[in-house]
Amino acid sequence: MKKLLGMMLCAAMCVGCLAGCGQTDGGASSLQQNGSSSVSASGDGAVDPALEKEYYFTMGSTMTSTALITPLIADACERINEKTDGHVTIEFFPDSTLGNDTEMYSQMQNGELDFLNTGIMAKVAINDYAFLTGYWWMQDMDHFWAVWNSEIGQRYQQVMENDYNTHQICATLLGQHNLISTKPIKTLTDFNGLQLRISSNPAAVDLWKAIGVNVNIMPWGEVIPSLQTGVIDTVGHTYQQFADTGLQELAGYLTETNHEADITCIYACNDTWNSLPDAYRQAIQEEFEACFAEFDNKRDASMEASKQAMIDAGLEFTELDPAVRAEIVEIMEPVLKEIFETTWTGATYDEVMSYAK
């Protein structure tokens, strides 16, 4: 069924399987050749039959084809195919071809989709842990990663495994969210009355309301017409997302708030992951981790270039004064504590803040 689905999608899109995702010409597995395979053998040296099977998987992504990370993931899929001597094929579909994040989460949990690249499940599907976007509570990225890699993060991954049929392979920072707007934002007063677009994170609405911001939750596809018609005047996302979608042509101001960590992950359906022999799981893990490491080496320079391109296009740039940010966090703190008690119940506010240095 999955193979048929992949073939049909490819035909519809008039593209073939990604280069390198087919069979290679080798004989023995390259995993065996380089000695890294955990091939099991009987007393007469018989190879584990699972290593001789051919595995065909589909992988969806909400990232666009033009995003910096997308070709790196495609290359990783190709390397996985080569590393397993053609035994593991992961056909990669970016551009939300297989659905939006919510739809693909559901497909993966039901076993209809094998692999997925998108943001953290906590943001859309596991509301108890939706604080794992770092929304305003994080002092900096060191604080964020300390929480992510703590017992809190381990509990979150356990919930994914046990309740959502999802194995997280790896995660990294796509970028930090800032603001682009049609109005200058420099002081606490400037936030009052803003019409801000954010993605799905209902608890965040109360945080913004605490400083007078009116929040509009809408899909990204509605951002440009909403800016053009004045439905919104401010958008939160990464610099690269702003530049890639041409928002510098509709807004005049860029404000660096670093108020949210935009994390991207690669997931596998538990059933898919557990169907693979250890050697092939290791190959997939290693190549996707290498892909994210390569992205990490390019991300900051890319974000800086996107920011500079918008400044060069005429946008006025403001780095939010630390004193103003401290005022915002102070006002938001009672709301944050209440949200942790009522909604973000995967951890307490005090537990999360204990990881700040």
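Keep in mind it's a predicted model, so treat the numbers as computed, not measured.
A donor atom on one side chain and an acceptor atom on the other are found under 3.5 Å apart for Asp262 and His177. Looking only at atom types and distance, the side chain of Asp233 has no donor-acceptor partner in the side chain of Ser181 under 3.5 Å away.
Classified by interplanar angle (parallel below 30°, tilted 30° to 60°, perpendicular above 60°), the ring pair Trp344/Phe340 is perpendicular. By the 30° and 60° cut-offs, the orientation of the rings of Trp136 relative to His259 is parallel. Relative ring orientation between Tyr280 and His87 is described as parallel, the plane-to-plane angle staying below 30° on a 0-90° scale split at 30° and 60°.
Under the ring-ring contact (aromatic ring centres under 6.0 Å, His included) criterion, Phe292 pairs with no residue, sequence neighbours left out.
Heavy atoms from other residues, nucleotides or ligands lying under 6.0 Å from CD of Gln228 number more than 12. The local environment of CD in Glu338 is sparse, with at most 12 non-hydrogen atoms from other residues, nucleotides or ligands closer than 6.0 Å.
You'll find the side chain of Ile284 reaches within 4.5 Å of the side chain of Leu276, heavy atoms only. Proximity of Thr166 to Tyr105: side-chain heavy atoms (C-beta onward) are nowhere separated by under 4.5 Å.
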Original post:
Are Lys307 and Glu304 close enough, and set up right, to give a salt bridge (charged side-chain N to carboxylate O under 4.0 Å, His left out), and what steps lead you there?
Top reply: CA-CA 5 Å; Lys307 179 173 80 173; Glu304 190 62 32; 3.6 Å; yes

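The pair Lys337-Glu341 fails the salt-bridge criterion, with no side-chain N (NZ, NE, NH1 or NH2) lying under 4.0 Å from an Asp/Glu carboxylate O. Using a 4.0 Å cut-off between charged side-chain N and carboxylate O, Arg197 and Glu222 make no salt bridge.
A ring-centre distance under 6.0 Å is not found for Tyr267 and Phe115.
Connectivity analysis of hydrophobic side chains (ILVMFWY, heavy atoms under 4.5 Å, direct or indirect) links Leu227 to Ile180, Met218, Trp220, Val223, Ile224, Val231, Ile232, Val235, Tyr239, Phe242, Leu247, Leu250, Leu254, Met303, Met310, Ile311, Leu315, Phe317.
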